[in-house]
2 protein chains.
Amino acid sequence: MTHFHDAVTCQSCAQRFTSVFCKAKQEFIAEINEQKVCNIYKKGQTIFNEGSYPFGVYCINEGKVKLSHLGDDGKEQIIRLLRGGDVLGYRALLSGERYSASAIVLEDTQVCFIPKELFISVLKNDAGLAFEMMKLLSDELHKAEVKLTHLAQKPIRERLAETLLFIKETYGFEADGETLSVRLSREEIANLVGTATESTIRLLSEFKKDGMVELDGKKIKILKHKELVRTANLQD
Amino acid sequence: MTHFHDAVTCQSCAQRFTSVFCKAKQEFIAEINEQKVCNIYKKGQTIFNEGSYPFGVYCINEGKVKLSHLGDDGKEQIIRLLRGGDVLGYRALLSGERYSASAIVLEDTQVCFIPKELFISVLKNDAGLAFEMMKLLSDELHKAEVKLTHLAQKPIRERLAETLLFIKETYGFEADGETLSVRLSREEIANLVGTATESTIRLLSEFKKDGMVELDGKKIKILKHKELVRTANLQD
DNA sequence: CCCAAAACATGATAAATATCATGTACCTAC
DNA sequence: GTAGGTACATGATATTTATCATGTTTTGGG
């Protein structure tokens, strides 16, 4: 967990136009820049843990993070995938609760911590930021509700196809234009789909047999995007 | 759809201390009171439909409403249950999208419509309301994420028990202290649980055989609350 | 480089759940 | 009140999905 505070400023951050802070006033951005504490997390490290109290929010400068929830029987459910420009930890903070999910780094990630008091006070004094925050929450709520419906109604074959497309939307491809730009274990994919690991492995093999994907360890290439969309059977 | 505009004011509304507007400034409440349009919807009527554009938000004065989402194959998924004091339609409005769910009245309900422009402008000028709104969105997001995890990981027996407890939390009991204060069809309960109607009917019969509930048409009595909690197997 | 542990893969089987089929009860409109 | 439609109930069956078992491959640490 290396610091990189001095290296970056919020005013020059690559994410400044796309993150939820894009509409915030410069004076507040300057204040956030002053108080932020930046760190680098290595793959597998935990940014925060389910059950602990939030002391602020985390803004991802660069990297990939999973937000996951432990089910009653200890099985992981991956709730969200995050990338540069995304903000983490606001849900628990706004609800005034402990974290209901853990944030675990998928690959080396630079994160800036913003203290709770500052975040809340900026939120209360900057209507632009507040409005963007509401939009963000609304969008997340929408995604969660759609996922809920699909989980209840769609077979796992469709859900796995949809999940692969979702990963592509979130992290995109590598330079070759077809390899998903993230390494997830089969178990993690299963925990994203909401199914048993073996089922995911089996279906991925089928997708490979059908020529839709190519598998090379944790590298996944999307060969037939259209057919994958058809398999996902999306309407909405 | 009868008007009842003149009968109620926001300043005297029974929900004024508990709704999301509880922290809003009086001047804005007065403005909302001026512009609101109140209606009574009868059981089965639709307040708004999935796919149409939001023109404002709806504040429930009294009554019961379901928010449901049509899956790709046309199967209903009930996303939320709403009661007096709840606000409807903010999700689509804040995201700037069409409604992703329909609001259908479960029993005669009084609703006040607040025009989009007014709602947005109050939201931008009243930090208290904005903050309450963020809390509301965060809470809904949390509920959705927990439901997601349970849907992915818990068997339907546990989910049905949890759903019955959820209905109880939302609408409470009738005067006898044990009959759920809402009439839902078996199909609606199934669409809340996320399962086939027959499975829900079968399990309700089992719950009855086990003495946990009593069934009399759409009247459902919770006889053994503790055992129902145990059956739901809740940890979080 | 090698070893042990973890991850991956696949077959066999079991369990959970959905679907189909049929009969009954119950509204509700006439 | 009764006919016809809908909701409820329940059994039989089919399908989906999970679990268990076993072998193989990959990976990371010494």
What integer distance in Å separates [X]:[atom1] from [N]:[atom2]?
X	N	atom1	atom2	value
B/Ile201	C/dT24	CD1	C1'	12 Å
A/Leu203	D/dA18	CG	C1'	13 Å
A/Glu187	D/dT19	CD	P	12 Å
A/Glu158	D/dT17	CD	C1'	15 Å
A/Arg157	C/dA18	CZ	P	20 Å
B/Leu151	C/dT17	CG	P	11 Å
A/Lys208	C/dC8	NZ	P	13 Å
A/Lys75	D/dT17	NZ	P	14 Å

For DNA chain C, whose closest nucleotide is more 5', that of B/Gly217 or that of A/Leu215? A/Leu215
Confirm from the modelled atom types if A/Arg202 and D/dT16 form a donor-acceptor pair under 3.5 Å, side chain to base only. no
Nearest-nucleotide pick for [X], side chain only, options being [options]:
X	options	result
A/Arg186	C/dT10, C/dC8, D/dA9	C/dC8
A/Glu198	C/dT10, C/dC8, D/dA18	C/dT10
A/Ile156	D/dA9, C/dC8, D/dA18	D/dA18
A/Lys218	C/dA7, C/dA9, D/dT17	C/dA7

Please determine whether side-chain contact (heavy atoms from CB on, under 4.5 Å) holds for the pair A/Tyr41 and A/Ile60, giving the CA-CA distance in whole Å, both sets of side-chain angles, and the decisive distance to 0.1 Å. CA-CA 11 Å; A/Tyr41 292 84; A/Ile60 302 178; over 6 Å; no
Is it true that [Y] and [X] share a donor-acceptor pair across their side chains at a distance under 3.5 Å?
X	Y	result
B/Thr197	B/Thr200	no
B/Ser95	B/Arg91	yes
B/Asn49	B/Ser52	no

Remember a base hit wins even if backbone is also touched, and classify B/Thr195 as base, sugar-phosphate or nothing at under 4.0 Å, heavy atoms. sugar-phosphate
Quickly, which of A/Arg80, A/Lys75, A/Glu76, A/Glu50 forms a side-chain contact (heavy atoms from CB on, under 4.5 Å) with A/His69? Name it, please. A/Glu50
Given D/dA18, is OP1 or OP2 found less than 4.0 Å from the side-chain N or O atoms of A/Ser199?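 Answer yes for this pair, as a side-chain N or O of A/Ser199 is under 4.0 Å from OP1 or OP2.
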Does A/Thr197 place a side-chain N or O at less than 4.0 Å from the phosphate oxygens OP1/OP2 of C/dC8? no
On DNA chain D, does the nearest nucleotide to B/Leu204 precede the nearest nucleotide to A/Lys43 from the 5' side, or the other way round? Give the residue.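 Its nucleotide being nearer the 5' end, the pick is B/Leu204.
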